[in-house]
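Worksheet for the structure shown next.
Both backbone and side-chain heavy atoms feed into the values below; hydrogens, waters and symmetry mates do not. Numbers for residues simply follow the sequence, beginning at 1.
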Amino acid sequence: MSKNKGLALELTSLLDVIMIMLFWVMTNSSSSAAKAEEKADQKVKNAQTKVESAEKKLDEQAKEYEQKIEDLKAQAYDQQKALNDEAAMNQKAINDYKDGLLITLNIRNENGKDKLTLARGSSQIAEYSITDGLYDELDLALAAMGISDDNAAMAAVIYDGDAVLYNDLSAIREIVSKLSQSHKSVYFTYINTSK
C-alpha cells in the first residue's frame, strides 16, 4: 500500500507543473492572440486608408477626364461652327461672283504709263496711278465696299502681260500680297490677257 501512496504524490506534483505550464501557455497564447489581432486591425486600417486614397485619386482623375472631354467637345463645336461660318462666307463669295460682283483690279497701259481701275461687277469704283500710296487707297476702297473678315469676296487682277510694265506689275503683286494679309476674306487671282 505504501507504493500506491507515493505514486499518487508524484502525480500530484506533476499535475501541478502541467497545470502551471498550461496556464502559462494559455496566458502567452492570449497575449500573442491580442498582439496578432492588433496587428491585423492595423493592417486592415492601413488597407482601408489606401483604398480610400485610391478611390479619391480615381474620383479626381475621373473629374479631370470629364472636364477634358467637355473641353474637347467645346473645341470641336467651335471648330465646326467656324467651318460652317467659313463655308457660308465662301458660298456667298461664289454667289456674288455668279451675280457679277467680282472685284476687278484692271491694269492697263496708256501712253507708256500703267493705270489701275478698281471695279465691282459692272460698276467702276475708282482709277489709280501706280504710286507708293496705292496700297492705302485700295485698302480704304475695299473697306468702303464692306469687305471685312465677316464676308468673303473674289478679286481678279487683270492685266496684259505684253503691255503692262514689269516694275508696275511687281509693285501690284506686292500690294495684293499685303491686301491678302489685311483682308483675309478676299481671294485674289491673276488673269493675264496677253495672247
Inset, instruction - Please identify each residue that fulfils side chain to side chain donor-acceptor pair (under 3.5 Å) with Ser123, with sequence neighbours left out. - result: none
Inset, instruction - Compare all side-chain heavy atoms of Arg108 with those of Leu116 and state whether any distance is below 4.5 angstrom. - result: no
Inset, instruction - Could you tell me which non-hydrogen atom of Ile172 sits nearest to which non-hydrogen atom of Tyr190, and how far apart they are? - result: O-OH, 4.4 Å
Legend entry - More than 12 heavy atoms from other groups under 6.0 Å of CD on Glu174: no
Name the atoms and distances for all side-chain donor-acceptor pairs under 3.5 Å in residues 152-163, with sequence neighbours left out.
unit_1 : atom_1 : unit_2 : atom_2 : d
Tyr159 : OH     : Arg173 : NH2    : 3.4
Asp160 : OD1    : Asp162 : N      : 3.0

Legend entry - Approximate separation, where rounding is to 0.5 Å, of Gln79 CD and Leu72 CG: 9.5 Å
Inset, instruction - For the residue pair Asp71 and Gln75, confirm or rule out a side-chain donor-acceptor distance under 3.5 Å. - result: no
Legend entry - Spacing of CD belonging to Glu137 relative to CD1 belonging to Ile175, to within rounding of 0.5 Å: 9.5 Å
Legend entry - Inter-residue atom distance Leu165.CG - Asp114.CG, 0.5 Å rounding: 4.0 Å
Legend entry - Nearest-0.5 Å distance, CD of residue Gln42 to NZ of residue Lys45: 6.0 Å
Inset, instruction - Quick one: closest heavy-atom pair of Ile125 and Arg120, and the distance? - result: CG1-N, 4.0 Å
Legend entry - Atom of Ala141, atom of Leu118 and distance for their closest heavy-atom approach: CB-CD2, 3.4 Å
Legend entry - Side chains of Leu138 and Leu179 in contact at under 4.5 Å (non-hydrogen atoms): yes
Legend entry - Intermediate values then yes/no, side chain to side chain contact (heavy atoms under 4.5 Å, CB included), Asn167 and Ile130: CA-CA 10 Å; Asn167 288 344; Ile130 299 174; over 6 Å; no
Legend entry - Nearest-0.5 Å distance, CG of residue Asn109 to CG of residue Leu169: 12.0 Å
Inset, instruction - Verify whether one side chain among Tyr135 and Ser182 offers a donor that lies under 3.5 Å from an acceptor in the other. - result: yes
Inset, instruction - Quick one: pull up CG in Leu142 and CD1 in Ile103 and give me the separation to the nearest 0.5 Å. - result: 5.5 Å
Inset, instruction - Classify the side-chain pair Thr104/Asn106 by whether it contains a donor and acceptor separated by less than 3.5 Å. - result: no
Inset, instruction - Would you mind listing every side-chain hydrogen bond (donor to acceptor under 3.5 Å, both in side chains) that reaches into residues 47-62, with sequence neighbours excluded? - result: none
Legend entry - Min side-chain heavy-atom separation Lys113-Ser129 under 4.5 Å: no
